Amino acid sequence: MRRKSKYEIEMDFTRAISQAQELERLADDLSRIANNGVETSLLVLKNCWKGDASGSIELAGKKATAEIYKTADELMRVSRNIRATADLVYRAEKNAVDLCI
């Protein structure tokens, strides 16, 4: 197995952190959509749609909003795991390079 250079270790770590940040951005976007876009749309729909199915539509919208929030939370959890794993690997690889020099 080929040893990584310090530069490669730094680049891999930077790439992992960048990917974690992208997941966090996506999670924030999803939360914002659920909070603003979906909620606003549901309110408009509720105010405009009067009839037997209006309660069902409102319930379906609330379930969809909850699923969006759940997905955003899962993305944040994955991001935290990527960060933690990247940190562990980074430190281990840096220590290995330092020991071999």
Side-chain angles (χ1 to χ4, degrees):
M1 177 186 241
R2 184 181 77 78
R3 277 194 333 224
K4 287 184 180 180
S5 68
K6 287 184 178 185
Y7 175 77
E8 290 171 315
I9 293 168
E10 294 290 335
M11 290 304 298
D12 287 346
F13 179 73
T14 300
R15 197 171 312 127
I17 296 303
S18 177
Q19 290 171 346
Q21 289 170 336
E22 179 66 13
L23 287 177
E24 290 165 358
R25 187 188 64 74
L26 290 171
D28 288 341
D29 288 349
L30 279 176
S31 293
R32 210 170 1 287
I33 288 167
N35 192 35
N36 296 329
V38 176
E39 289 293 331
T40 301
S41 297
L42 289 174
L43 184 59
V44 169
L45 188 58
K46 180 181 177 182
N47 289 334
C48 293
W49 190 318
K50 305 294 183 200
D52 295 340
S54 64
S56 297
I57 291 171
E58 184 178 3
L59 181 61
K62 287 182 179 183
K63 286 182 180 178
T65 301
E67 284 297 316
I68 293 170
Y69 280 124
K70 180 180 174 187
T71 300
D73 288 344
E74 289 172 1
L75 287 174
M76 290 301 281
R77 183 182 48 79
V78 170
S79 174
R80 285 190 299 273
N81 287 341
I82 288 171
R83 286 179 180 277
T85 302
D87 187 56
L88 287 171
V89 170
Y90 175 78
R91 286 188 280 136
E93 288 180 336
K94 290 287 277 194
N95 286 338
V97 166
D98 291 344
L99 290 174
C100 293
I101 292 179

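Fair warning: this is a prediction, and the values are worked out from it, not measured in the lab. Because only heavy atoms are used, hydrogens play no part in the values below, and waters and symmetry mates are left out as well, while side chains stay in.
Ionic pairing of Asp12 and Arg15 is present here: one or more N-O contacts between side-chain nitrogen and carboxylate oxygen are shorter than 4.0 angstrom. The pair Arg25-Asp28 does not meet the salt-bridge criterion, since no charged nitrogen lies less than 4.0 angstrom from a carboxylate oxygen. Ion pairing between Asp87 and Arg91 holds under the 4.0 Å rule for side-chain N and carboxylate O.
Taken together through direct or relayed side-chain contacts under 4.5 Å among Ile, Leu, Val, Met, Phe, Trp and Tyr, Tyr69 and Leu30 form parts of separate hydrophobic clusters.
Contact record, Ala34 with Ile68: CB-CG2, 3.6 Å, taken as the closest heavy-atom pair. When all heavy atoms of Arg3 and Glu8 are compared, the closest pair comes out as O-OE1, 4.2 Å. Minimum heavy-atom separation, Ala86 to Ile17: CB-CD1, 4.4 Å. Closest approach of Lys4 to Val97, counting heavy atoms only: O-CG2, 3.5 Å.
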Assess whether side-chain contact (heavy atoms from CB on, under 4.5 Å) is satisfied between Glu10 and Glu93, documenting all intermediate values. CA-CA 10 Å; Glu10 294 290 335; Glu93 288 180 336; over 6 Å; no
Applying side-chain contact (heavy atoms from CB on, under 4.5 Å) to Val89 and Phe13, what does each step give before you reach the verdict? CA-CA 8 Å; Val89 170; Phe13 179 73; over 6 Å; no
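With Thr71 contributing its side chain and Glu67 its backbone, the two residues share a donor-acceptor pair below 3.5 Å. Looking at Ser31, its side chain does come within 3.5 Å of a backbone N or O of Ala27 through a donor-acceptor pair.
When side chains are defined from C-beta on, Leu23 does not count as touching Glu74, because their heavy atoms never get closer than 4.5 Å. Counting heavy atoms from C-beta outward, Arg80 and Glu24 have side chains that stay 4.5 Å or more apart.
Interatomic distance, Met76 CE to Asn81 CG, rounded to the nearest 0.5 Å: 11.5 Å.
Chaining together hydrophobic side chains whose heavy atoms lie under 4.5 Å apart places Tyr7 alongside Met11.
Of the residues Asp29, Asn36, Asn35, the one that meets the side chain to side chain donor-acceptor pair (under 3.5 Å) test with Arg32 is Asp29.
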